[in-house]
Asks: 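Before I ask anything, here is the structure I am working with.
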2 protein chains.
Amino acid sequence: MAARVDEVARRVDQLSRGLREAGLRLTHQRLEIVRVIAADETHPDVETVYRAVRERVPTISLDTVYRTLATLAERGLILRVLFTPGPARYDANPARHHHFVCTHCGLIRDVENADLDAIRPTAEVARIGRCDAISVQFRGVCAPCQSREATTA
Amino acid sequence: MAARVDEVARRVDQLSRGLREAGLRLTHQRLEIVRVIAADETHPDVETVYRAVRERVPTISLDTVYRTLATLAERGLILRVLFTPGPARYDANPARHHHFVCTHCGLIRDVENADLDAIRPTAEVARIGRCDAISVQFRGVCAPCQSREATTA
DNA sequence: ATGGGTGCAAATAATTTGCATACAA
DNA sequence: TTGTATGCAAATTATTTGCACCCAT
């Protein structure tokens, strides 16, 4: 468990530093938002982050959360993912990785795999333009949803 | 060019048949929407399809386009893609394929590649759940946008 | 003929923006 | 102190829904 705690601390650090280095202010609100997003592995949407942050900063407004997450995403400090209909969700995992998306419940899980990381732009892609990031998306139904389906059906 | 025309005709056919086989009606409006989406390779959004269809069916309403595209996507006849912020876009290419997304102009181009098609769910993915589709996303800047950048800068 | 599909309008969801105030640097 | 960030509210964008009428099967 300590590893996870350390990892979260490292992310908080990295995001805070990223803001500072961009000449932006590390406000009370931003620090708490960073803490939430760094600790949440479920790829939360803005509303979810908002609710979590409000427990520590009850007066924070929803649009501050919108703006802060947008700011972090613009600097490439976090990733805005649009895998499912509905609100955009954010990923604070800075390492190169891929995703599993459950089309039933909306679960998004990071997938780490060296072979996938080794994928290079194809000749066709090189012709289209410059490639800055490559990621693989696995769509399907997560195990819990499969059990639920079986029971209902 | 004939090949392209044939391909579009085949897609129109396939989508029309798909609707029929699902027990749905092939209305005048639906047929025209299908014709537009089958011929458009730019992954258009609802608004774009609406404008194109209106040239042939001036009285069509925007929400009929919303509903028809949603219906086609539900049956898996077309693909709803959410790569960029803003409106959802649709892909009528039924073959397994991947995407290049330009982060500047929003261009989405299909990428075909047998090696990428050969990717299998990793052990980690198999543990998470059942995988129905795998696709690779290349993000970057398309050649035209690169030139534009160079000129402006 | 009849039930699904359409058009219209209103509702909802997601996100962005303008502006006065507050606070980090 | 000096602007940048915040909170509030209103505006915008994207999408969905309710309902009466129409038409493909």
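All values below were derived from every heavy atom in this structure, side-chain atoms included, with hydrogens, water molecules and symmetry-related copies excluded. Proteins come first, then strands; the chains are lettered A, B, ... in the order of their sequence lines, and each starts at number 1.
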Asks: Within the distance-only criterion (no hydrogens, no angle test), does the side chain of A:H104 pair as donor or acceptor with the backbone N or O of A:C102 below 3.5 angstrom?
Replies: no
Asks: I'd like to know if the side chain of B:R35 reaches the main chain of B:V53, judged simply by a donor and an acceptor atom lying under 3.5 Å from each other, with no hydrogens or angles considered.
Replies: no
Asks: Strictly below 4.0 Å, heavy-atom distances to any atom of DNA chain C: list the hits from residues 18-37 of chain B, or just say none.
Replies: B:L24, B:R25, B:T27, B:Q29, B:R30
Asks: Verify side-chain contact (heavy atoms from CB on, under 4.5 Å) between B:V36 and B:R56, making sure each step is shown before the conclusion.
Replies: CA-CA 10 Å; B:V36 167; B:R56 308 194 128 260; 5.9 Å; no
Asks: What's the shortest heavy-atom distance between B:Y90 and B:A70, and which atoms?
Replies: OH-N, 4.3 Å
Asks: Which residue, B:D45 or A:I60, contacts DNA chain D at a nucleotide closer to its 5' end, judged by nearest heavy atom?
Replies: A:I60
Asks: Please determine if A:E7 and A:R4 form a salt bridge, counting it only when a charged side-chain N lies under 4.0 Å from a carboxylate O.
Replies: no
Asks: Atom CZ of residue position A:R96 - does it have more than 12 heavy atoms of other residues, nucleotides or ligands inside 6.0 Å?
Replies: yes
Asks: Specify the closest pair of heavy atoms between A:D115 and A:N113, including all atoms of both residues, with the distance to one decimal.
Replies: N-OD1, 2.9 Å
Asks: Is B:V136 linked to B:L79 within one hydrophobic cluster, defined over Ile, Leu, Val, Met, Phe, Trp and Tyr using a side-chain heavy-atom separation of less than 4.5 Å?
Replies: no
Asks: Could you list where the contact with chain A starts and ends along DNA chain D, reading 5' to 3', using a 4.0 Å heavy-atom cut-off?
Replies: D:dG3 to D:dA9
Asks: Tell me if the CZ atom of A:R11 is crowded by more than 12 foreign heavy atoms within 6.0 Å.
Replies: yes
Asks: Can you list, in residue-number order, the parts of residues 62-80 of chain A that come under 4.0 Å of DNA chain D, counting heavy atoms only?
Replies: A:D63, A:T64, A:R67
Asks: Just grab all the salt bridge (Lys or Arg N to Asp or Glu O under 4.0 Å) pairs involving residues 13-31 of chain A, residues at least two apart or on different chains.
Replies: A:D13-A:R17
Asks: Quick one: closest heavy-atom pair of B:H99 and B:V111, and the distance?
Replies: C-CG2, 4.0 Å
Asks: Using the test side-chain contact (heavy atoms from CB on, under 4.5 Å), find all partners of B:R139 that sit at least two apart in sequence or belong to another chain.
Replies: A:A133, B:F83, B:V101, B:T103, B:Q137
Asks: How large an angle, rounded to 10°, do the end axes of the helix from C:dA1-D:dT25 to C:dA25-D:dT1 enclose when each is built from five base pairs?
Replies: 50°
